[in-house]
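To keep things clear, I will list the structure first and then write my remarks on it.
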Number of protein chains: 2
Amino acid sequence: MVSIKDVAKEAGVAISTVSKVLNNYPNVSEKTKNKVNEVVDRLGFVPNAVAVSLSSKKTGRVALLIKLSLSTQASDEINMRYISGAVHKAKELQLDVITVFASMIEDMTVEEVTSYFESQGIRGIIVYGMTTKDKVIHKLIDSGHFKMVVVDAPMVNDSTSSVSVDHVKAQYDVAKKTIIENKCKKVLYLAGEDTGYVTKDRLLGIKKLCEEKNLKLTVRNGQFSELRARELTMRFAKNADCVVCASDMMAIGAMKALIDMDIFRPVCGFDGIILMGYVGKQMNTVKQDFTKISEKAICELNRLMSGENGRKVTIKHELVRIKYEDIIV
Amino acid sequence: MVSIKDVAKEAGVAISTVSKVLNNYPNVSEKTKNKVNEVVDRLGFVPNAVAVSLSSKKTGRVALLIKLSLSTQASDEINMRYISGAVHKAKELQLDVITVFASMIEDMTVEEVTSYFESQGIRGIIVYGMTTKDKVIHKLIDSGHFKMVVVDAPMVNDSTSSVSVDHVKAQYDVAKKTIIENKCKKVLYLAGEDTGYVTKDRLLGIKKLCEEKNLKLTVRNGQFSELRARELTMRFAKNADCVVCASDMMAIGAMKALIDMDIFRPVCGFDGIILMGYVGKQMNTVKQDFTKISEKAICELNRLMSGENGRKVTIKHELVRIKYEDIIV
DNA sequence: TTGTATGCGTTATCAG
DNA sequence: CTGATAACGCATACAA
């Protein structure tokens with residue numbers, strides 16, 4: 001392993017000089033700069049990241065905190081998009097990423113979590129899919145100990161940014177499109193887990209729409225569960241003329257139930273997962289670009305880590321219909 | 001941040017003594033051991049992983065090298081299982097994991113890849129889904145520079161282990177079951193990408209079966225593609241009485257094609273992904289426990305890193321039929 | 001059994 | 001503009 005010492009010796013300069021040209025310090029003559037760079041290239045020297053972070057006390061190390069709740073198709077797809085978006089962007093920004101699953105820290109106290117991350121040299125954390133019940137994460141955010149970005153939760157303070165699509169508007173938009181296309185009057189809305197922040201927002205969206213359009217709205221808690229959506233659809237769909245769902249998995253459950261019941265109701269979902277193409281019936285849904293959301297989250301974390309303050313970042317969404325022909329590869 | 005120095009001072013001993021009790025060295029009196037441990041607990045001291053690895057020159061740091069080939073349902077599900085299995089087991093073994101996507105190193109030379117991983121303090125690498133065309137990875141393995149575990153590829157040497165199910169037997173088993181259940185005579189086999197190591201093995205399995213049972217075998221290259229499987233099924237399924245596929249995605253493509261063609265042929269797949277439950281028809285398939293495979297891979301890497309030699313590890317598979325009722329949550 | 005001293009590879013602070 | 005030198009937090013050979 002070629003170290004800075006080797007470079008220094010070979011170039012006939014001091015270690016500190018090499019360090020300076022590596023880090024683009026001023027006050028280094030062009031001549032020595034060139035000489036050092038030449039040697040660096042020739043020897044294929046790459047700074048030892050471990051030593052750099054020990055010395056500089058800055059790790060640029062980031063943790064992705066991911067919930068592996070239900071092991072459904074949907075969550076796998078979404079989490080993979082999150083991870084790959086983050087990892088790629090992180091490499092670009094020279095950050096180092098580790099993946100942590102919520103289950104790994106679930107019975108730790110804030111202090112334990114803090115020292116765990118600290119011992120790992122973590123400076124920033126991205127939290128995906130946080131709920132109101134995640135007390136430890138709330139405390140972590142309040143402590144201001146780490147720079148944090150929460151995806152799909154409204155936390156913002158000096159060291160915390162939030163990144164998400166506009167769930168209120170997105171739910172409003174997709175439902176409106178579906179309802180107008182089918183001239184509906186009575187909406188069955190299957191909401192998500194009531195501990196989720198997005199659940200509240202999406203509910204706001206559908207309520208706003210129904211008030212505006214003067215539609216009858218029935219809300220049931222489907223807990224983001226395909227099975228639960230299936231049951232609720234069986235029970236309540238007859239009295240409605242469309243089923244608006246707060247997630248694609250619920251939309252799929254609802255649609256499959258309707259097919260089994262042999263009645264037709266337009267259904268719309270939320271997320272834009274590939275599985276929507278396999279159900280046999282097309283549905284409107286909100287396409288969230290999870291990769292991009294995660295890239296933005298990394299960028300935002302980078303911003304925070306360079307000293308800037310937290311803020312709210314909103315990502316654009318898109319309305320789509322997912323067909324089998326479109327997704328088959 | 002509480003350091004070893006603080007602990008030493010508080011406990012009234014030398015830093016080296018603290019280090020010794022932390023690392024369970026012999027020759028430390030019970031008394032000081034207790035005292036130190038008490039202080040460690042009280043102060044909530046956790047060793048700084050960065051400093052540890054710089055000092056010991058051993059990082060225990062591991063990279064997961066993942067291919068993000070086609071962004072299909074299947075690969076997301078499989079990769080998430082791989083990642084979560086590895087991350088969890090790694091935490092248990094006190095290893096530190098980073099995720100790297102093949103695309104991030106695809107246009108690097110071996111030297112560049114080596115110094116990249118080296119600079120990141122990586123000592124071991126798990127390669128998922130390697131193909132015969134991955135020249136750089138081959139060279140990396142030959143170099144013996146890192147401890148490596150290849151999942152689904154037959155590489156083994158002093159510093160390299162392979163982990164996978166027995167693809168020959170698995171393909172043989174699942175096809176046999178399907179063929180016997182349906183009394184088939186003429187098999188259409190849709191093989192995978194011919195650069196994949198598993199492709200060869202699975203092909204061996206089906207060939208063996210067909211010879212044994214004296215069945216007519218037609219082999220076509222479906223490239224693990226759902227679309228390609230669809231096309232091939234449309235073209236060739238009429239002349240066969242069953243379709244054996246080297247992957248679930250192809251099985252799904254084939255089954256959907258058969259439904260559209262309005263003819264029936266038993267179809268079997270390979271992998272055991274959840275999506276199989278959404279196709280409407282049940283199929284036999286091989287269930288690979290990707291989480292466990294990845295856990296084993298980490299264990300194996302840990303073994304290699306503690307000085308042992310590479311070997312071949314085989315994981316058990318299972319034959320299943322995936323029904324919608326089973327997977328809905 | 002315990003403590004001292006040195007080094008790991010780098011950055012940063014000073015003199016020169 | 002350049003070069004010693006002291007950190008960073010910990011491990012470890014060696015001395016006591």
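Quick note on labels: first sequence line is chain A, next is B, and so on, each numbered from 1.
- Residues A:Lys296 and A:Ile315 meet the side-chain proximity criterion, which asks for heavy atoms closer than 4.5 Å.
- Under a 3.5 Å cut-off, the side chain of A:Asp134 and the backbone N or O of A:Thr131 do form a donor-acceptor pair.
- Using a cutoff of 4.0 Å between basic side-chain nitrogens and carboxylate oxygens, B:Lys147 and B:Asp158 are not scored as salt-bridged.
- Counting any heavy atom pair closer than 4.0 Å across all strands shown, B:Val50 reaches no nucleic acid atom.
- A:Thr17 OG1 to A:Leu22 CG: the interatomic distance, rounded to the nearest 0.5 Å, is 10.5 Å.
- If you check residues 16-26 of chain A against DNA chain D, the residues with a heavy atom closer than 4.0 Å are A:Ser16, A:Thr17, A:Lys20, listed by number.
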Stepwise side-chain hydrogen bond (donor to acceptor under 3.5 Å, both in side chains) test for A:Thr291 and A:His88: CA-CA 10 Å; A:Thr291 306; A:His88 279 105; over 6 Å; no
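- Sorted by residue number, the list of members of residues 112-123 of chain A with any non-hydrogen atom under 4.0 Å from DNA chain D is empty.
- One interatomic measurement links the two molecules: CD1 of B:Ile15 to C1' of C:dG7, which rounds to 14 Å at whole-angstrom precision.
- Rounded to a whole Å, the NZ atom of B:Lys58 is 19 Å from the C1' atom of D:dG9.
- In this structure, A:Asn48 atom CG and C:dT11 atom C1' are separated by 13 Å, rounded to whole Å.
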Please assess A:Thr109 against A:Glu111 for the test side-chain hydrogen bond (donor to acceptor under 3.5 Å, both in side chains), listing each intermediate value before the final yes or no. CA-CA 5 Å; A:Thr109 65; A:Glu111 290 76 21; 3.3 Å; yes
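- Across all strands, A:Asn27 comes closer than 4.0 Å to base atoms (heavy-atom distances).
- A cation-pi arrangement is absent between B:Lys91 and A:Phe101, since the terminal nitrogen or guanidinium carbon is not both under 6.0 Å from the aromatic centre and inside a 45° cone about the axis.
- Salt-bridge formation is not detected for the pair A:Arg81/A:Asp289: no Lys NZ or Arg NE/NH1/NH2 atom is positioned less than 4.0 Å from an Asp or Glu carboxylate oxygen.
- Pairs engaging residues 302-313 of chain A under the salt bridge (charged side-chain N to carboxylate O under 4.0 Å, His left out) rule: A:Glu300-A:Arg303, A:Glu300-A:Arg311, A:Arg303-A:Glu308 [sequence neighbours left out].
- Listed candidates were C:dT10, D:dG3, D:dT2. Nearest to the side chain of A:Ala14 is D:dG3.
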Between B:Tyr128 and B:Ser294, is the side-chain hydrogen bond (donor to acceptor under 3.5 Å, both in side chains) condition met? List the steps. CA-CA 9 Å; B:Tyr128 298 93; B:Ser294 203; 2.7 Å; yes
Close N/O contacts between protein and nucleotides 6-8 of chain D (under 3.5 Å):
| residue | atom | partner | partner atom | Å |
| --- | --- | --- | --- | --- |
| D:dC8 | O2 | A:Leu54 | O | 3.4 |
| D:dC8 | O2 | A:Ser55 | N | 3.3 |

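- Within the structure, salt bridge (charged side-chain N to carboxylate O under 4.0 Å, His left out) pairs that include any residue of residues 32-46 of chain A comprise A:Glu10-A:Arg42, A:Glu30-A:Lys33, A:Glu38-A:Arg42 (at least two apart or interchain).
- A donor and an acceptor atom, one from each side chain of B:Tyr25 and B:Ser19, are nowhere located under 3.5 Å apart.
- The stretch residues 29-44 of chain B has no heavy atom under 4.0 Å from DNA chain D, so no residue of it qualifies as close.
- Within the 4.5 Å cutoff, no side-chain heavy atoms of B:Met155 are placed close to those of B:Met148.
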